[in-house]
Amino acid sequence: MNVDVLLPLALAFIMFSVGLSLRGADFRAVFARPAGLAVGLAGQLLLVPLAALAVAVAAGLPGPLAAGLLILGACPGGASSGFLTHLARGNAALSISLTVISSLAALFTFPLLAHWALGAFADTPLAAAVGEVGQLPVGRLIGSVLLVTTLPVLLGMAARRFAPGASARVERPVGRIATAFFAAIVIGTFAAHRNTILDNLAAVGPATLALNFAVMAGGWWLARLAGCGRPDRVAVAMECGLQNAGLAIFVALGLLHRPELAVAAVVYALVMNFGALGLLFVARRPPAAVPVSG
């Protein structure tokens with residue numbers, strides 16, 4: 001099997017492991033208390049693109065690198081956000097809901113934002129390619145959401161519902177295997193793009209790192225401002241920080257045939273895991289005890 005087959009299978013298994021910990025009531029609660037959903041979508045559709053613009057300007061990135069960063073900012077959340085939210089003891093049902101909804105919304109928002117990014121920051125030769133941005137791989141995008149995220153989660157939930165004893169026994173070992181798969185995906189991403197990452201880390205690495213931390217902190221702050229609890233804040237922060245870099249890379253290479261536009265997404269695909277792991281470490285720490293005055 002090649003990586004194009006192994007990667008979706010690994011992601012599907014990871015999401016199946018998340019589904020083993022979820023119930024239908026978890027998703028009903030997301031829509032019954034929609035504050036987390038609302039701020040999560042605002043973060044994904046507004047905060048992330050605006051932060052990408054601010055970072056590109058502040059860092060003084062050259063046109064193609066800046067445009068690539070904005071194309072990345074226009075992408076929906078990635079499938080791994082649900083798994084890392086689960087590991088961080090956040091609201092995995094909220095994270096998965098945000099991934100699905102933002103991915104469907106991206107069919108309309110991504111072309112608009114990407115057109116603007118290319119027109120505002122890219123060099124003149126890109127103007128002729130702008131029209132191709134609207135030719136998103138709709139089937140591939142929806143298929144990835146359904147086959148890699150939604151269906152595996154539903155299968156995990158069904159296993160918990162109809163075979164609770166067996167599910168409880170395998171949940172821990174399945175979770176460990178899923179964690180190993182996730183680590184392998186991160187290492188494999190670096191190995192597959194190591195030349196691009198190493199060659200451009202100095203040029204775009206600080207900007208991608210700044211973007212990742214800015215949107216994760218911004219997502220946490222938005223959720224806190226909306227009165228969301230700690231699990232929802234974790235979910236929103238993860239969703240804002242973990243972008244679908246694969247979509248940005250596909251658009252840059254497959255549609256526009258401009259490798260320089262993929263640089264920011266390739267580097268971000270590695271860098272975003274550091275921010276996510278940092279949030280995971282902080283979120284898993286118990287809240288500080290409040291001293292009781294005598």
Side-chain angles (χ1 to χ4, degrees), residues 42-78 102-103 105-138 140-141 189-190 192-216 218-219 239-273 275:
Q44 184 61 251
L45 299 177
L46 296 175
L47 171 67
V48 178
L50 290 175
L53 169 62
V55 168
V57 172
L61 294 179
L65 291 181
L69 193 69
L70 266 70
I71 289 174
L72 172 74
C75 290
S102 67
S103 296
L107 297 175
F108 305 98
T109 61
F110 181 87
L112 296 174
L113 291 170
H115 273 257
W116 174 76
L118 291 174
F121 285 94
D123 50 356
T124 304
L126 284 174
V130 168
E132 298 182 50
V133 177
Q135 301 174 18
L136 280 182
V138 175
R140 178 175 173 176
L141 183 58
T189 299
F190 175 77
H193 301 286
R194 61 186 178 278
N195 291 333
T196 300
I197 292 172
L198 294 175
D199 291 345
N200 297 278
L201 193 59
V204 77
T208 56
L209 193 62
L211 175 62
N212 181 246
F213 280 98
V215 296
M216 293 187 83
E239 195 66 26
C240 290
L242 296 172
Q243 294 296 94
N244 189 344
L247 176 60
I249 295 169
F250 173 82
V251 169
L253 300 179
L255 295 182
L256 302 179
H257 311 292
R258 296 296 297 262
E260 64 270 32
L261 290 179
V263 169
V266 169
V267 176
Y268 193 87
L270 176 69
V271 166
M272 68 181 182
N273 295 294

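Quick note: residue numbers are just sequence positions, from 1. Given the structure is predicted, the values throughout are model-derived calculations rather than measurements. Computed over heavy atoms, backbone and side chain alike; hydrogens, waters and symmetry mates excluded.
Closest of all the heavy-atom pairs between A52 and L70 is O-CD1, 3.6 Å. Between N212 and G275 the shortest heavy-atom distance is OD1-CA, 3.2 Å. Scanning both residues, F110 and A74, for their nearest heavy atoms gives CD1-O, 3.4 Å. When all heavy atoms of L247 and P76 are compared, the closest pair comes out as CD2-CD, 3.7 Å. What you find for V267 and V204 is that their closest heavy atoms are CG2-CG1, 3.6 Å. The nearest pair of heavy atoms linking P206 to L201 is CD-O, 3.5 Å.
Residues in residues 48-68 take part in no side chain to side chain donor-acceptor pair (under 3.5 Å) pair, two or more places apart or across chains.
Taking CD1 of I197 as the start and CG of N200 as the end, the distance is 9.5 Å to the nearest 0.5 Å. Atom CG of L69 is separated from atom CG of L261 by 11.5 Å, given to the nearest 0.5 angstrom. Note: L72 CG to T208 OG1 = 9.0 Å, rounded to the nearest 0.5 Å. Summarising the geometry, atom CD1 belonging to I249 is positioned 11.5 Å from atom CD1 belonging to I71; distances are rounded to the nearest 0.5 Å. The CG atom of L270 sits 12.0 Å away from the OG1 atom of T196 when rounded to the nearest 0.5 Å. Here M272 contributes atom CE and L242 contributes atom CG; the two are 5.5 Å apart, rounded to the nearest 0.5 Å.
For Q44, the side-chain hydrogen bond (donor to acceptor under 3.5 Å, both in side chains) partners are Q243, not counting sequence neighbours.
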